[in-house]
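Accompanying notes for the structure given below.
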Number of protein chains: 2
Amino acid sequence: MRLVIAQCSVDYAGRLSAHLPLATRLLMLKSDGSVLVHSDGGSYKPLNWMSPPCSLAISAPDELQVEAGITELWTVTHAKTADQLIVSIYEVQHDSAHELGIDPGLIKDGVEAHLQKLLAEHIHLLGDGHTLVRREYMTAIGPVDILARDASGGSVAVELKRRGDIDGVEQLTRYLELMNRDPHLAPVVGVFAAQQIKPQARMLAEDRGIRCLVLDYDAMRGLDDTASKLF
Amino acid sequence: MRLVIAQCSVDYAGRLSAHLPLATRLLMLKSDGSVLVHSDGGSYKPLNWMSPPCSLAISAPDELQVEAGITELWTVTHAKTADQLIVSIYEVQHDSAHELGIDPGLIKDGVEAHLQKLLAEHIHLLGDGHTLVRREYMTAIGPVDILARDASGGSVAVELKRRGDIDGVEQLTRYLELMNRDPHLAPVVGVFAAQQIKPQARMLAEDRGIRCLVLDYDAMRGLDDTASKLF
DNA sequence: GATTTCATCTCGCTC
DNA sequence: GAGCGAGGTGAAATC
């Protein structure tokens, strides 16, 4: 990785056109050829960038550009889309290179996947006598989070969200409509499960005969801890 | 902005839990207190980060941590959510600070708004004899991107997207349904215009009698250039 | 201030 | 490769 602090202006031409006026910025050149232009603030998102796979060509400025104070031109070209990022370098304040090696990567825990896993493990939370068919049950229009059967053997499709919004109800409705056309599954009832369900979403769901289930993440983790301590 | 290259491990606890094993990484400390952890590859997204507003506290490791090789502990705490990012520093390879000043910011051009402006200016692209009624025509459920009339005086509602997806067709369908109930407008035909229209979206649109129009952004800008040269 | 929509979204997964 | 859905989504515009 090479780190350059320099006065620069930047132009991007690709899916959109964008321009950064002259200012001092951090230019990060990663070993895969990608380039990030960061300011000293804002968010984790660079002001401008080029994603890999791409290639960097450094060229000399023409006479007019030299007069304007440009010392180097960096042209970063995307290998597939031909998007271009052109960095005009003026004064360089810092320039260093570093060997980082490959990164072992991030280990995540605690998102919707974990909620799904917990609910699948404690499927009785859906109601007495419920059994798990499978997680991520595939349909033609996408995967249903959990497919289960109730005590009487009827199909139950569960849509899981961290925050239960109206979108999630629409999503589940589409799944139910499709699944109820499948004679192997029909009739399928829906359960909309989330840590928090917004009133509008609850209204819409119940109006469509979809049951709402509020999940207590910490309590579910507690069930897991209890289980792991007992067995 | 402070740039540190160091061996480190990182733990994040907030909306999810995440861990980065020991490796050499770039730590970017911005002047607003935010911290970014970057590896030498991947995308513009850091491996881990803390967004502003947040505060950084540097503390000494305890005895056990010293034995493990930790020389410093950085605790970054979000001011509002109390999310925490803990960076355990081992060996430091580089450490430098730089004055960047505030950034004038990115100037964008070429998003949906520009497409809409261009199409409104060259409304004949919809077909011979078409005239513009207005952009952002308000309805009870939101604004229709462009309302026009065809050569025979019939209403034409245009939904514009950079990428024509199934969502856009659904949106236009809702508008058409509503507008066709208005005797001043009905009958209204729909045009789904985008730089690129996905096959599924095209299928759905044409199935509903909505015409699809692929827009060439560069060519449209060319029309503009020609016009500005001529007049 | 809350909400909706857009994004050079990115990222991961499945078919 | 295309399609779908989640994201510590973030950021901007609108209500």
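Only heavy atoms go into these numbers, but all of them, side chains included; no hydrogens, no water, no symmetry mates. Sequence lines set the chain letters: A, B, ... in the order given, protein chains first and strands last, and positions in each chain run from 1.
As a whole-Å value, the separation of Lys108(B) NZ from dC6(C) P is 13 Å. The NZ-C1' distance, from Lys198(A) to dT4(C), rounds to 11 Å in whole Å. Rounded to whole Å, atom P of dG3(D) lies 20 Å from atom CD of Glu136(A). Following rounding to the nearest Å, Leu160(B) (CG) and dC6(C) (P) show an atom-to-atom distance of 12 Å. Rounded to an integer number of Å, the gap from CG of Leu16(A) to P of dC6(C) is 15 Å. For Leu36(A) and dT10(C), the CG to C1' distance is 13 Å, given to the nearest whole Å. One atom, CE of Met50(B), and another, P of dG8(D), lie 13 Å apart when rounded to the nearest Å. In this structure, CD of Gln116(A) is placed 10 Å from P of dA6(D), rounded to the nearest angstrom.
Taking the C1' atom of each, dC6(C) and dT10(C) are spaced 14 Å apart, rounded to whole Å. For the P atom pair drawn from dG8(D) and dT5(C), the interatomic distance equals 22 Å after rounding to whole Å. Distance noted for atom C1' between dA7(C) and dG5(D): 16 Å (whole Å).
Ring pair Tyr44(A)/Trp49(B) is tilted by interplanar angle, where 30° to 60° counts as tilted.
Relative to the side chain of Lys161(A), the nucleotides dG5(D), dA6(D), dG8(D) differ in distance, and dA6(D) lies closest. Each of dT8(C), dG8(D), dA6(D) was ranked by its minimum atom distance to the side chain of Leu106(B); first place goes to dT8(C). Considering only the side chain of Tyr12(B), dG8(D) comes nearest among dA6(D), dG8(D), dG1(D).
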Find every protein N or O atom lying less than 3.5 Å from an N or O atom of nucleotides 11-15 of chain D, and list the pairs.
from    : atom 1 : to       : atom 2 : distance (Å)
dA11(D) : OP1    : Ser43(A) : OG     : 2.4

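Judged by distance alone, the side chain of Asn48(A) and the main-chain N or O of Val37(A) form no donor-acceptor pair under 3.5 Å. Remark: side-chain polar atoms of Asn180(B) are paired, donor with acceptor, to backbone N or O of Leu176(B) under 3.5 angstrom.
No side-chain heavy atom of Met1(A) sits less than 4.5 Å from a side-chain heavy atom of Ser31(A).
Place Lys80(A) and Gln171(A) on DNA chain D by their nearest nucleotides, and Lys80(A) ends up nearer the 5' end. Residues Gly14(B) and Arg174(A) both approach DNA chain D. Their nearest nucleotides, taken by heavy-atom distance, put Arg174(A) toward the 5′ side.
Across all strands shown, Tyr175(A) has heavy atoms under 4.0 Å from sugar-phosphate atoms exclusively, and none from any base. Nucleic acid contact class of Glu159(A) (heavy atoms, under 4.0 Å, all strands): sugar-phosphate only.
Note: Ser17(A) OG to Ile107(B) CD1 = 12.0 Å, rounded to the nearest 0.5 Å.
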- request: Evaluate the side-chain contact (heavy atoms from CB on, under 4.5 Å) criterion for residues His98(B) and Thr24(A): first the C-alpha distance (whole Å), next the side-chain angles of each, then the deciding distance (0.1 Å), finally the verdict.
  value: CA-CA 10 Å; His98(B) 312 272; Thr24(A) 305; over 6 Å; no
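Sorted by first and then second residue, the salt bridge (charged side-chain N to carboxylate O under 4.0 Å, His left out) pairs involving residues 132-142 of chain A (not counting sequence neighbours) form an empty list.
Considering all non-hydrogen atoms of both residues, Ser34(B) and Cys54(B) come closest at CA-SG, 3.8 Å.
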